[in-house]
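For reference, the structure is listed below as structure tokens.
All values derive from a computational prediction rather than experimental measurement. In each ligand, atom 1 is the first atom listed, and ligand 1 is the first ligand listed.
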Amino acid sequence: GNLEHILLVGAFETITGYTPEEYMAAGGWRASLYPDDVAQDERDMAVLRSNQRVITELRIIRKDGEIRWVRVYAHPVWDAALNRLVAINGAVQDITARKMAEESLQRSEAFLRALLDATTDVAFLMSLDGEFLTLNKTLAESIHKAVGAMVGQNVYDILKPDVAASRRQRFDEVIASRLPVRWQDQSDATFWDNQAYPILSPTGSVEAFAVYGREITEQKRLEAELQRYTAHLEQMVEERTAQLRLAKEQVETILNNTRDAVALAHLNGDIETRNPAFVTMFGDQVASRIEHILWTISDADQSALVGEALMKVIYEQEHQRVEARIASGNGVDRDVDLAFIPVRAADSATPHSLLVSAHDITHLKEIERFKERFVADAVHDLATPISGLSTRLYLLKKMPENTGEHIEALENQVEHLRNLLTELRTLSQLDRGILVLSLQPCNLNRIVARIVATYEPVAIEKGQLLTLNLAPTLPETLIDSHQIERVFVNLISNAINYTASGKTIRIETQVADDGVMFKVTDEGIGIGADDLPHVFGRFYRTAKARDTHAGGTGLGLAIVKEIVELHGGRVTVESTVDQGSTFTVWLPVKPDQSAISKG
Ligand code: ADP
């Protein structure tokens, strides 16, 4: 107000753009001030009026309108007599550039701080001995402290001793390497991913650290869970694989060892796999295509049926079963029960493959055929003596004067029927396995001698010579003597029956292998080569035998064979028509119970 003048020095013109005259004309100092800084100037004036110097920073508006920061050094010129301020000596310095830099520095510092506070990572600057120089909100909040309260505190005092020690090591590493170090550690149940950066002094040594810490507890937990889950999954896969492998091996074992032929074919007929039994049964001719099974069937009707079944399983997906007689892999004919089964996966409605299985039923078929023949033969063989009986009874009524002759004939017929019945009963017992041997050590020589003694008169009556040639010593043989007697009686009486008078029948015993041998050789009618394989069959009689000896049943040799085999022995025959036959029985000294055939 009432100051005479303000003397301004410095590069005045350069700073303001005014000459001193222009400046004064424009209103002087106060007028040139930036309006916001007028209040500051008033405070400064108050100081000057109390006779104190002022150094202040203000904005002025230049002549060209530009705003400049200036530093003002103002000294009061004091009139002691008047006791008041009379003038001000001032020097003005342009500090715009410095002010701008300072402002931008402040702005960037605020920006950085905001950035640090915004992150969920923990961040701080730390002195070499562990003092917090500055820290972000996240860190302060994590330990429920104010940022201000933390500055100056020591990080090592806050940490648990063991964690503190291990972290000190990391910071030592940073000092030594002057490179950032990153590590993960754990404090209580919390996991951290940490990074420490060295802050280097102008001389290149580490002055402080910038530290970032990210809590990774959740990540660790998820990692661990994932690991557990993966391990669990792996284990499950392993277990499942093992199960599948086992199941596959089991199926393979079954398929490789079953006697049923099994093959899996594509619906187009290509065979994909077949088991060893399939190869044995059908041979290599049925290796690639399932319809080649038809090649193995010679019967036209059966072949047509199997062909039809194949079509049905493929086109109508119907399970098929059909019986056929095939020429097997080794050329032998076999009866098989063929099954064609469409195979579909659990999740599929349409089948993708075709399972073929063949069960060998030759044995069953043979039994069936045998039964049929047996019944027919038995009916025939029973009918013959019964019609004989009726004829005799008729004659007896017509010609009662010949009673004696008729009765004898009737007795013969009845005797024949009784024999037939006895033999059928024996066979039935053998078939049902209820004929149990009662084995005892016996001397075969003694049995043979006794039978020969019994049959000698019969031979003599027929004009035959019966010779006996016994082995000097025979080992005791474990046999059912009653059954073996039937065997010898049968063979000796056959020899007598089928040999003419004047001929010789030789009976002998021998030691052989691990057993004993019984032999009957006759000079009888013999057996033709065609008949020879069949004489041990039931009801089998040669035509010549029927003429020679009417009373036979055709069951004797069948029984002989069964009884000998039940003892673990063998019976064989050699014969030439019109020259004679030799029947040989071999019996083991001690029948191997397990090897004994049950017929
Ligand atoms: P059969 O009661 O007819 O004798 P077998 O079963 O004992 O019944 O004999 C079956 C057939 O074997 C006889 O019918 C006969 O054709 C033939 N056969 C058995 N033994 C002799 C033999 N010693 N010589 C010639 N043929 C025999």
Side-chain angles (χ1 to χ4, degrees), residues 370 373-374 376-378 380-385 388 412-431 448 451-452 455-456 458-459 462-468 483-508 517-566 570-585 599:
F370 173 78
R373 209 175 50 234
F374 183 82
D377 289 348
H380 173 264
D381 276 60
L382 282 168
T384 313
N412 281 342
Q413 301 280 21
V414 169
E415 174 67 14
H416 179 70
L417 270 175
R418 189 179 289 122
N419 283 345
L420 193 61
L421 214 62
T422 312
E423 289 180 336
L424 279 174
R425 188 180 294 128
T426 307
L427 277 173
S428 158
Q429 285 173 344
L430 286 163
D431 284 347
V448 173
I451 297 169
V452 168
Y455 278 82
E456 207 165 20
V458 186
K462 273 199 79 175
Q464 295 162 339
L465 179 64
L466 214 58
T467 67
L468 180 61
Q483 299 300 341
I484 291 299
E485 262 172 43
R486 291 176 73 177
V487 169
F488 295 165
V489 164
N490 227 301
L491 295 176
I492 293 169
S493 54
N494 272 354
I496 295 171
N497 287 337
Y498 301 112
T499 303
S501 70
K503 303 288 184 181
T504 303
I505 294 163
R506 285 183 288 129
I507 296 162
E508 53 192 309
M517 210 126 82
F518 167 81
K519 243 184 207 183
V520 187
T521 307
D522 64 45
E523 299 169 348
I525 59 172
I527 305 164
D530 289 351
D531 291 316
L532 213 52
H534 305 293
V535 290
F536 292 103
R538 297 180 184 189
F539 293 112
Y540 197 90
R541 304 197 71 201
T542 64
K544 208 169 179 182
R546 288 176 204 279
D547 296 342
T548 312
H549 169 65
T553 61
L555 294 173
L557 284 183
I559 293 173
V560 163
K561 184 167 165 12
E562 299 238 11
I563 290 175
V564 168
E565 286 178 357
L566 207 53
R570 284 186 303 269
V571 55
T572 52
V573 57
E574 284 164 56
S575 185
T576 312
V577 178
D578 293 333
Q579 289 195 13
S581 315
T582 301
F583 283 85
T584 309
V585 174

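Sorted by chain then number, the residues whose non-hydrogen atoms approach ligand 1 to under 4.0 Å are N490, N494, A495, Y498, D522, I525, G526, I527, V535, Y540, R541, T542, A545, G552, T553, G554, L555, G556, L557, S581, F583.
A donor-acceptor pair under 3.5 Å is formed between the side chain of S493 and the backbone N or O of N490. Looking only at distances, a side-chain donor or acceptor of T426 sits under 3.5 Å from a matching main-chain atom of T422. Between the side chain of E523 and the main chain of T504, a donor-acceptor pair closer than 3.5 Å is present. Between the side chain of S501 and the backbone N or O of Q464, no donor-acceptor pair lies under 3.5 Å.
In this structure Q483 satisfies the side-chain hydrogen bond (donor to acceptor under 3.5 Å, both in side chains) test together with R486, sequence neighbours excluded.
Classification of the Y498-H549 ring pair by plane angle, with boundaries at 30° and 60°, yields perpendicular.
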